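From a predicted model like this one, the values you see are computed outputs, not experimental measurements. Below, chains carry the letters A, B, ... as their sequence lines are ordered, and counting in each starts from 1.
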2 protein chains.
Amino acid sequence: MEEGTLKSPTHCTGTEAEYEVRQWDTREGCEVRQILDRVADKWSLLVIALLDRRSLRFSELRREIDGISQRMLTVTLRQLERDGLVLRTVHPVVPPRVDYELTPLGVTLHDTIRSLVIWTEEHQTEVAAARASYDSRTAEEAQAS
Amino acid sequence: MEEGTLKSPTHCTGTEAEYEVRQWDTREGCEVRQILDRVADKWSLLVIALLDRRSLRFSELRREIDGISQRMLTVTLRQLERDGLVLRTVHPVVPPRVDYELTPLGVTLHDTIRSLVIWTEEHQTEVAAARASYDSRTAEEAQAS
DNA sequence: CGGTATCCGTTCTGATACTG
DNA sequence: CAGTATCAGAACGGATACCG
């Protein structure tokens with residue numbers, strides 16, 4: 001962080017004609033990369049996507065996210081809580097009940113993650129087709145040699 | 001997978017703002033999860049973010065993405081090519097020159113990834129503050145015990 | 001230059017057992 | 001119910017060497 005404004009993010013004015021290729025700061029260990037690593041996590045993404053304007057209990061999250069282990073759900077939730085994206089509420093009852101919900105900050109992230117998941121749903125057919133095409137081409141080449 | 005329309009997206013009608021809590025299909029191994037795993041990849045995300053309305057050579061990408069190894073860049077680009085998101089063009093010259101650019105499909109994904117990276121830039125201070133706060137609270141508790 | 005192939009340590013992750 | 005602790009196996013990822 002001692003280098004001043006190396007690769008300072010140039011701000012796009014927003015008008016189409018003035019679209020400007022953004023220079024991302026991709027330095028290892030910088031804030032953005034660290035946060036991106038958290039956000040670009042398989043489980044984090046799903047947790048945030050599911051906490052959509054509602055709170056869920058630990059067991060509900062576990063049931064909804066097929067294939068996640070208790071350990072990974074715990075780890076993921078702790079990271080999200082640490083990052084200020086998720087609020088953890090422990091109710092002093094027996095048996096214990098713990099609710100998770102998005103913080104205001106988490107909600108802002110939810111919006112972009114939501115669009116990412118929706119993109120995936122809308123384009124899954126195209127991606128699947130591309131994969132099939134690529135794989136058949138690859139198989140051909142393997143045969144040719 | 002034998003349960004038929006398990007978790008079909010329920011449309012929650014009747015809410016005040018008509019906002020609808022989306023029921024994601026989170027089954028392991030389904031298309032969406034597979035694609036999400038690709039998209040939610042540290043290196044994929046950065047590659048797509050950088051291929052913003054321009055093509056880049058292998059070596060240019062490698063230089064721009066701090067910390068990526070040749071191996072991981074190759075692996076990442078092959079996956080993105082397979083998914084139909086990135087186009088790979090080999091120029092028959094010596095020394096070899098290979099250009100990478102987004103496909104039309106890749107451009108549509110770029111838009112949402114761009115907003116994700118921008119979110120990260122805009123909220124890095126808040127996340128950092130939350131982390132610091134969480135860590136100090138954690139340290140306190142450790143002392144109390 | 002732009003790869004591929006191989007080796008190998010590290011990191012991640014799930015299974016299991018146990019607790020407030 | 002909602003964790004924590006531990007451990008072994010799998011996956012990830014870097015380093016190195018070599019090729020068209």
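Taking 4.0 Å as the cut-off between side-chain N and carboxylate O, E121(A) and R22(B) count as a salt-bridged pair. Looking at R54(B) and E64(B), a side-chain N of the basic residue comes within less than 4.0 Å of a carboxylate O on the acidic one, giving a salt bridge.
Results of the side-chain contact (heavy atoms from CB on, under 4.5 Å) test with L102(A) over L85(A), V47(A), I48(A), L109(A) single out I48(A) as the only residue that passes.
Looking at residues two or more places apart in sequence or on another chain, you find a ring-ring contact (aromatic ring centres under 6.0 Å, His included) between W119(A) and H123(A). Applying the side-chain hydrogen bond (donor to acceptor under 3.5 Å, both in side chains) test to R82(A) and every residue at least two apart in sequence or in another chain returns D135(B). Shown here are the side-chain hydrogen bond (donor to acceptor under 3.5 Å, both in side chains) partners of R114(A), two or more places apart in sequence or in another chain: D52(A), Y19(B).
Phosphate contact (OP1/OP2 of dC1(C), side-chain N/O of R57(B), threshold under 4.0 Å): absent. Between Y100(A) and dC1(D) there is no side-chain N or O to OP1 or OP2 distance below 4.0 Å. The shortest distance between the side-chain N/O atoms of R78(B) and the OP1/OP2 oxygens of dG3(C) is below 4.0 Å.
When the C1' atom of dC12(C) is taken as reference, atom CZ of R38(A) falls 14 Å away, rounded to whole Å. Between the CG atom of D37(B) and the C1' atom of dT13(C) there is a distance of 14 Å, rounded to whole Å. For the pair L73(B) CG and dG3(C) P, the interatomic distance rounds to 8 Å; values are reported in whole Å. The distance between atom CG of L61(B) and atom P of dG3(C), rounded to the nearest whole Å, is 10 Å. Here dA2(D) presents its P atom at 8 Å from CD of E60(A), a figure rounded to the nearest Å.
Rotation axes derived from the C1' atoms of the five outermost pairs at either end of the helix from dC1(C)-dG20(D) to dG20(C)-dC1(D) lie 50° apart, to the nearest 10°.
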Grab the N/O contacts between the protein and nucleotides 11-18 of chain D below 3.5 Å, and write none if there aren't any.
{"unit_1": "dG13(D)", "atom_1": "N7", "unit_2": "R71(B)", "atom_2": "NH2", "d": "3.0"}
{"unit_1": "dG14(D)", "atom_1": "OP2", "unit_2": "S69(B)", "atom_2": "OG", "d": "2.9"}
{"unit_1": "dG14(D)", "atom_1": "N7", "unit_2": "R71(B)", "atom_2": "NE", "d": "3.4"}
{"unit_1": "dG14(D)", "atom_1": "O6", "unit_2": "R71(B)", "atom_2": "NE", "d": "3.4"}

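You'll find that the side chain of S59(B) is closest to dC1(C), out of dT4(D), dC1(C), dG3(C).
Place P95(B) and P96(A) on DNA chain C by their nearest nucleotides, and P95(B) ends up nearer the 5' end.
For residues 80-117 of chain B, no pair satisfies ring-ring contact (aromatic ring centres under 6.0 Å, His included), with sequence neighbours left out.
Side chain to side chain, Q34(B) and R131(A) meet the donor-acceptor criterion of an N or O pair below 3.5 Å.
Counting any heavy atom pair closer than 4.0 Å across all strands shown, R62(B) reaches no nucleic acid atom.
The OG1 atom of T120(B) sits 4.5 Å away from atom CG of L36(A), with the distance rounded to the nearest 0.5 Å.
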